[in-house]
There are 2 protein chains.
Amino acid sequence: MSELKPGRSFVSAQQVAELAGVSRSAVSRTFTDGASVSETTRKKVLEAAETLGYHVNHLARSLIHEDSGIVCLIGADINTPYHSRLLDAITRRLQAINRVAMVINTSGDSDSVDAALRQTLNYRANATVVLSGTPPASLINTCINSGQHVILINRDDHLDGPENITVDNAAAAREAFHMLHRAGCRRIAVVSSQAGTPSLVARERAFEAAAGEAGLSVTITRAGPTGYGAGFEAGRLLLSGSDRPDAAFCVTDLLACGFMDAARVEFGMNVPAELCVVGFDDIEQAGWASYQLTTFRQPIAQVADHITKLLDSDDPEPAQGGRACFHADPVWRRTVRPR
Amino acid sequence: MSELKPGRSFVSAQQVAELAGVSRSAVSRTFTDGASVSETTRKKVLEAAETLGYHVNHLARSLIHEDSGIVCLIGADINTPYHSRLLDAITRRLQAINRVAMVINTSGDSDSVDAALRQTLNYRANATVVLSGTPPASLINTCINSGQHVILINRDDHLDGPENITVDNAAAAREAFHMLHRAGCRRIAVVSSQAGTPSLVARERAFEAAAGEAGLSVTITRAGPTGYGAGFEAGRLLLSGSDRPDAAFCVTDLLACGFMDAARVEFGMNVPAELCVVGFDDIEQAGWASYQLTTFRQPIAQVADHITKLLDSDDPEPAQGGRACFHADPVWRRTVRPR
DNA sequence: TGAGCCTTTGCACAAATGTGCAACGGCAGC
DNA sequence: GCTGCCGTTGCACATTTGTGCAAAGGCTCA
């Protein structure tokens, strides 16, 4: 009889077996799908497990299976509206296919990030999803070299190994330009940040190119880290000059909110009469009555679904590797004049 | 010689040992703090580990130690500004003390939540932190019964077993009342939600009590789930009546933003001239120029630090059990008239 | 040079689980 | 009643790691 420390520690299958009067194998089989157990012993085992509060130890189980069931999510700025929504969507989907999410926050000092990443590899994560453009490429390489299944969201590193899920930033940015151009705007500013994230750069570039094709040149302002503050600051800089722009493409909704607030509060401008604004992401605040921001919706649900398909071993036809690209559809609200 | 599947699967300590020409014990000791290994073999081992891409398997390690290093965070609405900031703060702190966070999202259908919680118990999490008031009490009981170390944030269930970290909602709500009362407001509304979360209820009750002591009665409106939409709806309901309130205490900043937008956009009211508003949480949007909301700051950093202290085994004087309560300090902005 | 001590190393066992294989028991069919 | 088959069960071994214990080796001191 193994020692019973009541309340202390966790219960093992051995203890359940003893209480139920069966072998440990029977306990194991009871909790293994598709294993052969008679109905009577299964019942005895479940009853004993219930009274002892037994839960299968996944750590030990994962030693044998390849599948640990853990999916690691690496990202920075998870307190941001867009990222937190992405995190929300992915964790929910993962739970639905019996995976569990481990979150590595790369916002802190890089030392602890490195340690945390090693943690992840140590836990034999089933896959690693890189949520944002910020985590350093070296981290990602470490994952790949260790045989990790890596999924990149909105990155453009041309690494071969990871699967890429991207949003068609270029198409959306071109469409953004045409929205503003058709609204009659000719002095258009691009508001971006110093982050230099691949997707932000892609938006800047495509917008600039589309403007060039229409014979316009644009000025790009990068006033700080991506966020409300940088947008506000950009607004102060751009609108205090003599030739104010008549429109702005903000590569992020947060930037757009800051920019709009600067325009209205600091300069008393009217949006969209004097100034049209287009954002990107469609965060919740874009729909608030104070902003009613015209923007592009991140296909968060589609991205999360795709990740699920890549990871769900039960899926009849698992999505296969390489690249997946989703569209960001425009959301018309009130910050761009109708034609 | 053990089989070498190049690229496939993970590397084990056995393979490293063979490449380095030492015993597996030497490999194990190399990666164990305080174990006795000579400098020369340590170097050989580290070199071999580097070329093979070896990482210690924490799952196996956790079989032996009590300490799995995993901390489970259970919460709903993690896409909300307050919760995502809390999540951000906690995950960072956990990484700093060499723990890693597993996130269980209780927003989805309860089936998958239940499954995910079982997952957590299965992974022998070091502790379980309940982030919000929403996850059902039965989940928490399951954790406690299974011998889990449970930490509750802002809950008031009087369960004995878990440690409680709370914010002094009552004191803040009383202070909120006095702020509005001193500003001359007499017809004060309380805007809440149908969530019925312990902390929200505590704020409602304390505010009502403080008003009662001052000889005022307040009306409480609960227009839906906690969020911007419910605040907006509450604004529409309250302000369309004949005797409009001259102030509102919104138990959440999101409610406050919605309420303010309804007041300004739908009714053209001026805040704070005609209507004073006080919120709670001090989310980022409260500081945006469009709102400049006077509110109470959630002591997120203190809460996260306290969790760290509870969990850090290396801490010289670990914080001990029972209850911890932090203050929510007022943040004066522009939605309450100065006296 | 020998004795003693300390460091280092390897063996073997422990942790909790899944599973192949053989044995066992019951049931049906002849 | 016997034979054959099928479902069930237990044993033993596998997964990967940490660690106590004993042995070995090297170094120092007499």
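Lettering of chains follows the sequences in order, A, B, ..., and the numbering in each one begins at 1.
Between the P atom of D:dA12 and the CD1 atom of A:Ile64 lies a distance of 18 Å, rounded to the nearest Å. Distance, A:Arg124 CZ to D:dT16 P: 9 Å, rounded to whole Å. As rounded to whole Å, 14 Å separates atom C1' of C:dA16 from atom CZ of A:Phe31. One interatomic measurement links the two molecules: CG of A:Leu59 to P of C:dA15, which rounds to 16 Å at whole-angstrom precision. In this structure, CZ of B:Arg61 is placed 8 Å from P of D:dT19, rounded to the nearest angstrom. The nearest whole Å value for the distance from the NE2 atom in B:His58 to the P atom in D:dT17 is 11 Å. What separates CD of B:Glu18 from C1' of C:dG10 is a distance of 15 Å, to the nearest Å. For the pair A:Phe10 CZ and C:dT17 C1', the interatomic distance rounds to 15 Å; values are reported in whole Å.
Contact record, A:Arg93 with A:Ala304: CG-CB, 3.9 Å, taken as the closest heavy-atom pair. Nearest approach of A:Arg124 to B:His55, heavy atoms of both residues: NH2-O, 3.0 Å. Contact detail for A:Asn126 and A:Gln148: the closest heavy-atom pair is C-OE1, 4.3 Å.
The listed nucleotides are D:dT16, D:dG18, C:dC11; the one nearest the side chain of A:Leu63 is D:dT16. Set against C:dC13, C:dA16, D:dG10, the side chain of B:Arg24 has C:dC13 as its closest nucleotide. Among the nucleotides C:dG10, D:dT17, C:dA16, the one closest to any side-chain atom of A:Asn57 is C:dA16.
Residue B:Ser23 places no side-chain N or O under 4.0 Å from the OP1 or OP2 atom of C:dT9. Contact annotation: B:Tyr123 side-chain N/O to C:dT17 OP1/OP2 distance is not under 4.0 Å. Checking the phosphate oxygens (OP1, OP2) of D:dT9, no side-chain nitrogen or oxygen of A:Ser25 falls inside 4.0 Å.
Screening residues 118-139 of chain A for ring-ring contact (aromatic ring centres under 6.0 Å, His included) gives A:Tyr123-B:His58 as the qualifying pairs, with residues at least two apart or on separate chains.
At distances below 3.5 Å, not a single donor-acceptor pair connects side-chain atoms of A:Thr197 with backbone N or O atoms of A:Ser199. Looking at B:Gln95, its side chain does come within 3.5 Å of a backbone N or O of A:Asn105 through a donor-acceptor pair.
One end of the helix from C:dT1-D:dA30 to C:dC30-D:dG1 points its axis 40° away from the other end's axis, with each axis taken from 5 pairs and the angle rounded to 10°.
When each of A:Asn164, A:Ile165, A:Ile74 is tested with A:Leu152 by the rule side-chain contact (heavy atoms from CB on, under 4.5 Å), just one qualifies, namely A:Asn164.
Nucleic acid contact class of A:His65 (heavy atoms, under 4.0 Å, all strands): sugar-phosphate only.
For DNA chain D, the neighbouring residues in residues 32-47 of chain B, judged by any heavy atom under 4.0 Å, are B:Thr32.
Taking OG of B:Ser132 as the reference point, atom CG of B:Leu73 lies at 11.5 Å (rounded to 0.5 Å). The distance from atom CG of B:Leu86 to atom CG of B:Asn154, rounded to the nearest 0.5 Å, is 9.0 Å.
Taking the charged nitrogens against the carboxylate oxygens, A:Lys309 and A:Asp305 have no contact shorter than 4.0 Å, which rules out a salt bridge.
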